[in-house]
Trainee: 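The structure follows.
What you are looking at is a predicted structure, and each value in this text was computed from that prediction instead of being measured. Just follow the structure's listing: the first ligand is 1, and inside any ligand the first atom is 1.
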Amino acid sequence: MKLELRGITKRFGNFTANDSIDLTVEAGEIHSLLGENGAGKSTLMNVLYGLYQPEEGQILLDGVEQHFSGPGDAMAAGIGMVHQHFMLIPVFTVAENLMLGHEPTRGLGALDLPAARRRVVEISERFGFRIDPDDRIEDLSVGQQQRVEIIKALAQNASVLVLDEPTAVLTPQETDELMGIMDELRKEGRSIVFISHKLREVRQVSDKISVIRRGKVVGQADPTASNEELASLMVGRAVGLSVQKEPAKVGEPVFKVEHLTVFSKQGHRLVDDLSFEIREGEVLVVAGVQGNGQTELTEAILGLAENTSGSITLSGKNLLTESVRRTLDAGLGFVPEDRTEDGIVGEFTIAENMILDRFHKRPFSSRLALNMRRIREYAEQAVEDYDVRTPSIDTPVGRLSGGNQQKVVLARELGRELKMFVASQPTRGLDVGSIEFVHKQIIAARDSGIPVLIVSTELDEVVQLGDRIMVMYGGKSMGIVPPETGREELGTMMAGVPHEQ
Ligand SMILES: Nc1ncnc2c1ncn2[C@@H]1O[C@H](COP(=O)(O)OP(=O)(O)OP(=O)(O)O)[C@@H](O)[C@H]1O
Ligand SMILES: [Mg+2]
């Protein structure tokens, strides 16, 4: 089905998120939207999906004008959407979530549970998803949850499919599989709008690329354009796509993990007898396919793991036996893997989120009263430094674009006196300009002489940030190697083959 958006304008108060946007997607076309964090991509898609009413403009499907008063109308007209932030209900099963997806729709008729289960199996088999209809969402990995979202959209026979940053949380292999699926859907004549910050995959999969900057379409590009061309079209300036850094000036190995084992509730070893050190002034990147114990390792450092043996020490202090509060107070900067779950409180303002874990500390608090002036000054500065695109520091963080939410977490965690910095997927969902900035900040933290531990599944990031790279597989280290190690060797280690000394 051919999709046309004509002159779409969407405002929030005085802020124009979409400014007279035109976009045409032909049947059987994969059309990518590129743009900075906060450029207005998700907003445009939410307009298309009937979640927002535009102030101006038209939506046409095969030349016929549409009026969507809600997602139900959009779904009934054949539009499916996989949101940037998942909309699944964690305590329900896959099939139950599918049923819910149909409830508000008109014309399709509600699915009963057996029908929903059949539909899941059918789509899952057809695309090789390996998703069981009776799995509970909360037991699935993010990659699997992503598939459930896609199944939901396909179950309605969507002929226009919107994928808003579907690959942000996927492993490279899952991403390849998704690209294959998109290709199949294109062959069936469906139109796909694809949003991603990863230039390489945008170039790989797109038929056409539209670039949005500050709410306006600023240009079109072919998939043959170079990364540099796309990046500068997006950001409006040349972007350094590789990290500039001096060789590490390392000090003492103040951070030590010794024979760490983290057990799951069922007694499985999620981290299995792991030992390594990080020196002052050094970045150790933990690489590997998601789900090989990296998350549990960082949680153990913070003090969240319940069932552990071995030790984790920072300057001789055992972090495993410290409370989370005391570890943070003692100077651990910590960026969690899932910002919406652990990093921010969506209903709180930017200013409030900036001081989330230290509101009880000076200079923000003098005994009882929070010092609002200091908090506000601090938040204003952080918003400026990190280029958080927001109407003001009083905006609830939940209203910010995904990438800007991530910047708030990073600004908070990097912007204080640190003894160590730990971050999982620090640049997930960030645009190329912001990635450049965050990488500089991480290197600055390292150059201030603290140990830095970064968990990343992005190979580019792994080799650019790491002074040393530890690959995890099945909770164990497959070896620690220098960043000059070839991609092939890293890939082999990620697949579970220990590095030969
Ligand atoms: N409900 C809302 N109320 C107020 N402002 C909003 C709302 N939704 C979005 N905005 C603002 O509109 C702008 C565009 O946001 P949008 O989510 O569309 O960006 P995006 O291009 O998808 O960015 P990202 O790449 O980070 O996901 C942002 O500045 C955001 O703060
Ligand atoms: Mg978005």
Trainee: If you apply the rule side chain to side chain donor-acceptor pair (under 3.5 Å), what do you find for Q220 with S210, and how did you get there?
Mentor: CA-CA 4 Å; Q220 304 257 332; S210 290; 3.1 Å; yes

Trainee: Consider ligand 1: state whether an atom of it lies below 4.0 angstrom from any non-hydrogen atom of Q406.
Mentor: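 It does not, in that no heavy atom of Q406 comes within the 4.0 Å cut-off of ligand 1.
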
Trainee: Which residue and atom name correspond to the protein heavy atom nearest atom 17 (O) of ligand 1, and how close is it?
Mentor: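 Answer for atom 17 (O) of ligand 1: S401 CB, 3.4 Å.
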
Trainee: Under 2.8 Å from the Mg ion (ligand 2), how many protein N, O or S atoms can be found?
Mentor: 2

Trainee: Counting only heavy atoms, tell me which of T43, V388, D164 gets closest to atom 16 (P) of ligand 1.
Mentor: T43

Trainee: Just jot down the ligand 1 atoms closer than 4.0 angstrom to any heavy atom of A17, in number order.
Mentor: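 Reading through ligand 1 atom by atom, the close ones are 12 (O).
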
Trainee: Do any heavy atoms of E165 fall under 4.0 Å from ligand 1?
Mentor: yes

Trainee: Strictly distance-based, threshold 3.5 Å: is any side-chain N or O of Q156 a donor or acceptor partner for the main-chain N or O of A153?
Mentor: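 Such a contact is found between Q156 side chain and A153 backbone.
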
Trainee: Side chain of D62, backbone of M1: donor and acceptor closer than 3.5 Å?
Mentor: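 Here the side-chain-to-backbone pair does not exist.
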
Trainee: Inspect the contact between E184 and R190 and indicate whether a charged nitrogen and a carboxylate oxygen are less than 4.0 angstrom apart.
Mentor: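 The answer is no: the pair does not qualify as a salt bridge.
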
Trainee: Is E36 touching ligand 1 with its side chain, its backbone, both, or neither, if touching means heavy atoms under 4.0 Å apart?
Mentor: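 Answer for E36: backbone.
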
Trainee: Can you pull the salt bridge (charged side-chain N to carboxylate O under 4.0 Å, His left out) pairs that have at least one residue in residues 206-221, sequence neighbours excluded?
Mentor: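 Listed once each, the pairs are D19-K216, E29-K208, R186-D207.
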
Trainee: Can you pull out the closest protein heavy atom to atom 31 (O) of ligand 1? Residue, atom name and distance to 0.1 Å, please.
Mentor: R399 O, 3.4 Å

Trainee: Under a 3.5 Å threshold, yes or no: a donor from one side chain and an acceptor from the other, between E461 and H439?
Mentor: yes

Trainee: Does the N157 side chain pair with the main chain of G78, one donor and one acceptor, at a distance under 3.5 Å?
Mentor: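 Judged by distance alone, no pair lies under 3.5 Å.
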
Trainee: Report the residue from I150, L161, L163 that forms a side-chain contact (heavy atoms from CB on, under 4.5 Å) with M182.
Mentor: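 By the side-chain contact (heavy atoms from CB on, under 4.5 Å) criterion, M182 pairs with just one of I150, L161, L163: L163.
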
Trainee: Looking only at distances, can you tell me whether any N or O atom of G40, backbone or side chain, sits closer than 3.5 Å to an N or O atom of ligand 1?
Mentor: yes

Trainee: Would the F68 and Y49 ring centres measure less than 6.0 Å apart?
Mentor: no

Trainee: Heavy-atom contact under 4.0 Å between L400 and ligand 1?
Mentor: yes

